[in-house]
Number of protein chains: 2
Amino acid sequence: MICNQIITNLAKHISLNKEECELVSSRFRIVQVKRKKMLMQEGQISRDVAFVISGCLRSYSVDENGFEHILQFAPVDWWITDMYSFISQKPAFLNVEAITDSEVALLSRTDQLNLFDQVPKLERYFRILTENSLVSSRQRLIDNMSLTAKQRYSNFCNTYPSIINDIPQKLIASYIDVTPEFLSKMRGELLRSKK
Amino acid sequence: MICNQIITNLAKHISLNKEECELVSSRFRIVQVKRKKMLMQEGQISRDVAFVISGCLRSYSVDENGFEHILQFAPVDWWITDMYSFISQKPAFLNVEAITDSEVALLSRTDQLNLFDQVPKLERYFRILTENSLVSSRQRLIDNMSLTAKQRYSNFCNTYPSIINDIPQKLIASYIDVTPEFLSKMRGELLRSKK
DNA sequence: ACAGTTGATTGATCTGTTTCATGGTTACTG
DNA sequence: CAGTAACCATGAAACAGATCAATCAACTGT
């Protein structure tokens with residue numbers, strides 16, 4: 001069975017013929033992940049990369065004081081995994097968890113690498129995808145270094161208007177690197193200044 | 001003329017035959033960059049990606065208060081550019097400057113994309129390179145969110161032991177996201193605690 | 001319908017890091 | 001080889017954001 005959603009997404013950067021579509025599709029495994037359930041865990045090897053068919057997930061690390069830091073949100077049509085573990089096949093430092101009930105399509109690193117040989121255009125797709133992810137990751141790094149908490153929050157609201165009201169505030173706090181208390185205070189201040 | 005240093009580097013991930021080596025090499029242009037001279041500038045399009053043959057460069061952004069934030073150091077054998085501008089061919093947000101007199105090999109985006117069609121293995125090389133860069137960029141993001149300034153500094157010393165004594169302290173401060181004054185204080189404290 | 005957990009708000013206090021100011025070195029450059 | 005610029009060290013004061021604690025609201029499973 002072909003998952004149209006993935007094929008449509010691949011089509012944004014490459015065009016595959018029928019056989020290629022089928023070959024690629026055949027390597028994906030569809031999995032359901034209930035809210036708050038882990039898809040991947042720190043210490044284990046992330047054998048797969050996940051494409052989000054429905055729902056929303058997050059990847060995060062836990063620091064030595066037990067605080068969580070969110071690296072990525074993955075709404076519909078995004079890819080998520082512990083990239084370090086996925087490419088090295090060594091134990092992961094990140095956790096990947098469903099924020100809402102979700103459905104994902106999994107592709108193992110082994111299958112991915114084999115597909116790169118069989119369908120070189122797929123390697124191009126992931127090359128482009130990774131280039132774009134690198135640009136956003138670096139941009140976020142610069143934002144974290146240059147902007148105040150308030151600026152990072154308003155940035156976030158502009159970048160993710162879709163999920164802003166669907167997820168707990170404390171997850172947003174963890175993404176923009178402030179405490180939930182401080183985010184609450186910033187929001188209070190913003191409201192008061194607008195009224 | 002073939003630049004052996006680049007070919008050796010490519011060989012870490014892919015193997016090219018003689019013709020492929022020559023084809024790839026023919027697309028690079030060798031350029032000298034004097035200390036403190038800019039290779040790329042904010043607002044201009046970064047048409048090229050640079051491979052460092054000798055010397056050391058840095059990429060950085062300037063925030064609205066005029067403060068510099070270093071995104072990357074590029075010692076010998078590293079690649080550097082404003083990735084956003086390079087892949088989109090839109091005006092750059094970053095500056096790339098030589099820290100010491102340097103020699104670099106430039107490859108334009110156009111030539112790179114053409115080479116990807118002619119030598120698919122080269123696309124693999126850059127796919128792997130970009131994957132690795134993404135992992136380090138994300139790791140640095142997490143470090144910036146989880147670690148104290150002192151931990152980030154000692155991290156830096158372990159990661160870049162080679163350049164630690166060759167570059168001004170204020171550049172290190174700008175990379176680990178503290179003021180030069182505070183880095184100086186941390187170093188003073190570390191010295192005192194060791195003696 | 002209820003107890004128990006989880007998330008948001010708010011206030012008082014605390015801390016790591018910045019800012020500003022000063023003086024001392026080192027190192028280019030004419 | 002003097003002059004000036006860039007770099008580094010150190011101290012006092014200020015601040016952004018964290019921590020701690022208390023209260024309230026909103027889900028959760030039963």
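Naming convention: chains lettered A, B, ... in sequence-line order (proteins, then strands); numbering from 1 in each chain.
Note: CD (A:E189) to C1' (C:dT10) measures 13 Å, nearest angstrom. Rounded to an integer number of Å, the gap from CG of B:L183 to P of D:dC8 is 9 Å. As rounded to whole Å, 15 Å separates atom C1' of C:dG7 from atom CD1 of A:I99. Straight-line distance from the CG atom of A:L147 to the P atom of D:dG17: 11 Å, rounded to whole Å. B:L191 has its CG atom 9 Å from the P atom of D:dT10, to the nearest Å. Distance B:K36 NZ to D:dA6 P: 7 Å, rounded to the nearest Å. Rounded to an integer number of Å, the gap from B:D101 CG to C:dC28 C1' is 14 Å. In this structure, CE of B:M186 is placed 17 Å from P of D:dG11, rounded to the nearest angstrom.
A side-chain donor-acceptor contact under 3.5 Å links A:R187 and A:Y153. In the model, A:N9 has no side-chain atom that pairs as donor or acceptor with a side-chain atom of A:Q5 under 3.5 Å.
Once rounded to the nearest 0.5 Å, the distance linking CD1 of B:I128 with CD1 of B:I14 reads 8.0 Å.
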Review point. Base, backbone or nothing for each nucleotide of nucleotides 19-30 of chain D, written B, S, -, heavy atoms under 4.0 angstrom, 5' to 3'?
Key: BB-------S--
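Counting only Watson-Crick or G-U wobble pairs whose defining distances are both under 3.5 Å, the stems of 3 or more consecutive pairs in DNA chain D are C:1-22 with D:9-30, C:24-27 with D:4-7.
Contact of the B:M38 side chain with the B:Q44 side chain is not registered, since no non-hydrogen atoms from C-beta on lie closer than 4.5 Å.
By the 6.0 Å contact criterion, NZ on B:K121 is enclosed, its count of non-hydrogen atoms from other residues, nucleotides or ligands being greater than 12.
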Review point. When you look at A:Q151 and B:E64, which way does the side chain to side chain donor-acceptor pair (under 3.5 Å) test go after all the steps?
Key: CA-CA 12 Å; A:Q151 290 171 317; B:E64 58 184 3; 2.9 Å; yes
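Between B:F28 and B:W79, the ring planes are tilted. Angles from 30° to 60° get that label.
Both A:R152 and B:K170 lie close to DNA chain D; mapped to their nearest nucleotides by heavy-atom distance, the more 5′-ward contact belongs to B:K170.
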